[in-house]
Amino acid sequence: MTPADLSSPRSKAYTAPGVLGRIVSERTQDYAGASFTLGAARPRARHFHTALAAAGLQLIAEVKGASPSQGAIAKLDPAAAALSYVRGGASCLSVLTEPRHFDGSAEALRQVVAALGNLAVKVPVLRKDFVIHPKMLQEAADWGASAALLMVSILGPDVGEYLQLAHHLGLDALVEVHDEAELEVALAAGAEIIGVNNRDLTTLKIDLHNSPRMIAHARAAGYEGLLVAESGYAMPADISTIRRSADAVLVGSSLAGSGDLERAARAILQEPTQGEK
Ligand SMILES: O=C(O)c1ccccc1NCC(=O)[C@H](O)[C@H](O)COP(=O)(O)O
């Protein structure tokens, strides 16, 4: 299927179990009347991909005000938070745009893009949401995001169509998986950037062994794209399992709730001393 096949609004309703299922059903209702017209292909700058491909472990720092697992995390000024993260060493930003459970908004993403636009170095922004309709990718591009999250746990094999559409709209895509079966789908779809979530989004349980295990699995399968470890990282010692195998780590709650975002971002990337390991 080509992006052209996504040009008419779809009535497809995605489903998922548990907490994720509730969010998916809410987002499906939010976009039930959304119209989408496929325009001409937009140039792909690949800023998100380029930033993650730089040498060493890259940090994607997340603007996250609340979550189903933590409840309220912090009342953040998105632009100020983004600039603090960049001063702390983040090379990309992730901004939640889901309003009910994560305190996210389109406005937050726009404010972050505007604040980062004044910097000498390009810091790309990921739209973090639960994409269930093509319109959501068009919005991400229109709001100035460089990339969007696509979750195999929601889209299943349709992730391939959404990936093509993201590229058509000039976006990179972070294709998220949690287990081997989802990894197979992401690989078959041709994902250039795969994120492995340590959080089981059905139960919200975190297993920090999941990312290193899945990253090893992807490499053993011959995958040469970029790999991102996601969720549950709170201290430098947590990162040690993926420091040399992942291209990037995505961190939200522990940074957002730290009270000093710049310092927390700088600290999480530091190699732990012998005693801290
Ligand atoms: O964070 C949650 O509780 C959550 C619940 C249901 C669906 C998605 C959820 N989080 C999305 C994410 O993957 C995280 O925001 C991201 O990876 C950062 O995780 P963390 O550093 O643990 O905040």
Side-chain angles (χ1 to χ4, degrees), residues 14-28 48 52 57-74 76 78 81-82 85 88 90 92-105 108-109 112 125-132 147-155 173-179 182 186 193-211 214-215 227-239 241-242 246-258 261 264-265 267-269:
Y14 293 102
T15 55
V19 178
L20 183 61
R22 196 168 73 239
I23 300 171
V24 165
S25 123
E26 289 164 354
R27 282 324 239 164
T28 302
F48 188 70
L52 298 186
L57 184 71
Q58 303 302 310
L59 173 64
I60 307 171
E62 190 156 276
V63 177
K64 184 176 187 181
S67 74
S69 31
Q70 310 248 333
I73 297 171
L76 298 176
Y85 281 152
C92 297
L93 264 286
S94 166
V95 180
L96 264 312
T97 53
E98 193 284 335
R100 294 182 190 84
H101 306 274
F102 296 87
D103 197 22
S105 65
L109 191 138
V112 168
V125 179
L126 169 79
R127 180 184 186 184
K128 194 86 183 305
D129 209 315
F130 300 83
V131 168
I132 44 77
L149 180 74
L150 297 177
M151 297 167 67
V152 176
S153 54
I154 297 175
L155 299 171
L174 176 62
V175 178
E176 183 180 290
V177 304
H178 179 68
D179 58 25
E182 291 182 5
I193 311 170
I194 295 179
V196 180
N197 206 333
N198 291 314
R199 183 178 283 115
D200 179 329
L201 299 184
T202 312
T203 62
L204 303 186
K205 285 206 177 99
I206 296 269
D207 173 8
L208 290 181
H209 298 298
N210 197 48
S211 281
M214 296 290 292
I215 286 171
L227 287 159
V228 180
E230 301 176 19
S231 300
Y233 296 103
M235 55 186 73
D238 296 338
I239 309 273
T241 56
I242 48 90
D247 297 288
V249 60
L250 194 160
V251 188
S253 313
S254 68
L255 301 183
S258 67
L261 278 60
I268 197 93
L269 282 181

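In listed order, ligands and their atoms are each counted from 1. The residues of the chain are indexed from 1 along the displayed sequence.
Distances below 4.0 Å separate heavy atoms of Lys128 from the following atoms of ligand 1: 11 (C), 12 (C), 13 (O), 14 (C), 15 (O), 16 (C), 17 (O). If you number the atoms of ligand 1 from 1 as listed, the ones under 4.0 Å from a heavy atom of Gly232 come out as 20 (P), 21 (O), 22 (O). Atoms of ligand 1 found under 4.0 Å from any heavy atom of Val251, numbered from 1 in the order shown, are 21 (O). Shown in contact with Ser69 at under 4.0 Å from a heavy atom are these atoms of ligand 1, numbered in order with element: 1 (O), 2 (C), 3 (O). Counting atoms of ligand 1 from 1 in the listed order, those under 4.0 Å from a heavy atom of Leu250 are 16 (C), 17 (O), 18 (C). Each of the atoms 20 (P), 21 (O), 22 (O), 23 (O) of ligand 1 lies under 4.0 Å from some heavy atom of Ser253. For ligand 1, the atoms lying closer than 4.0 Å to a non-hydrogen atom of Leu204 are 5 (C), 6 (C). Remark: ligand 1 atoms within the under-4.0 Å shell around heavy atoms of Gly252 are 18 (C), 20 (P), 21 (O), 23 (O).
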(request) List the steps and the verdict of side-chain contact (heavy atoms from CB on, under 4.5 Å) for Ser153 and Leu20. (result) CA-CA 9 Å; Ser153 54; Leu20 183 61; 3.5 Å; yes
(message) For Tyr233 and Leu255: C-alpha separation, side-chain torsions, deciding distance, then whether side-chain contact (heavy atoms from CB on, under 4.5 Å) applies.
(response) CA-CA 9 Å; Tyr233 296 103; Leu255 301 183; over 6 Å; no
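With a heavy-atom cut-off of 4.0 Å, Ile206 does not touch ligand 1 at all. Residue-level proximity to ligand 1 for His101 is absent, since no heavy atom of it falls below 4.0 angstrom. Contacts with ligand 1 closer than 4.0 Å are made by side-chain heavy atoms of Phe102 only, the backbone lying farther away.
Here the closest non-hydrogen pair linking Leu201 and Met151 is CD1-CE, 3.2 Å. Nearest approach of Ala148 to Leu126, heavy atoms of both residues: C-CD1, 3.5 Å. Between Ala186 and Ile194, the shortest heavy-atom contact is CB-CD1, 4.0 Å.
The distance criterion of under 3.5 Å between nitrogen or oxygen atoms is met by Arg199 with respect to ligand 1. Inclusion of Ser231 in the set of residues having an N or O under 3.5 Å from an N or O of ligand 1 is warranted. Considering backbone and side-chain N/O of Glu62, one or more are found under 3.5 Å from N/O of ligand 1.
Contact check on Lys128 versus Glu62 returns a salt bridge, with a Lys/Arg side-chain nitrogen under 4.0 Å from an Asp/Glu carboxylate oxygen.
At least one heavy atom of Pro68 sits under 4.0 Å from some atom of ligand 1. Residue-ligand proximity: Asn197 is placed with a non-hydrogen atom under 4.0 Å from ligand 1.
Atom 8 (C) of ligand 1 has Leu201 CD2, 3.4 Å as its closest protein atom, hydrogens excluded (heavy atom only).
Among Lys64, Gln70, Arg22, Glu230, the residue whose heavy atom lies closest to atom 1 (O) of ligand 1 is Lys64.
Here the side chains of Leu76 and Leu261 are in contact, with some heavy-atom distance below 4.5 Å. A heavy-atom distance below 4.5 Å is not found between the side chains of Cys92 and Gln58. Leu57 is not listed as a side-chain neighbour of Asp247, based on a closest heavy-atom distance of 4.5 Å or more.
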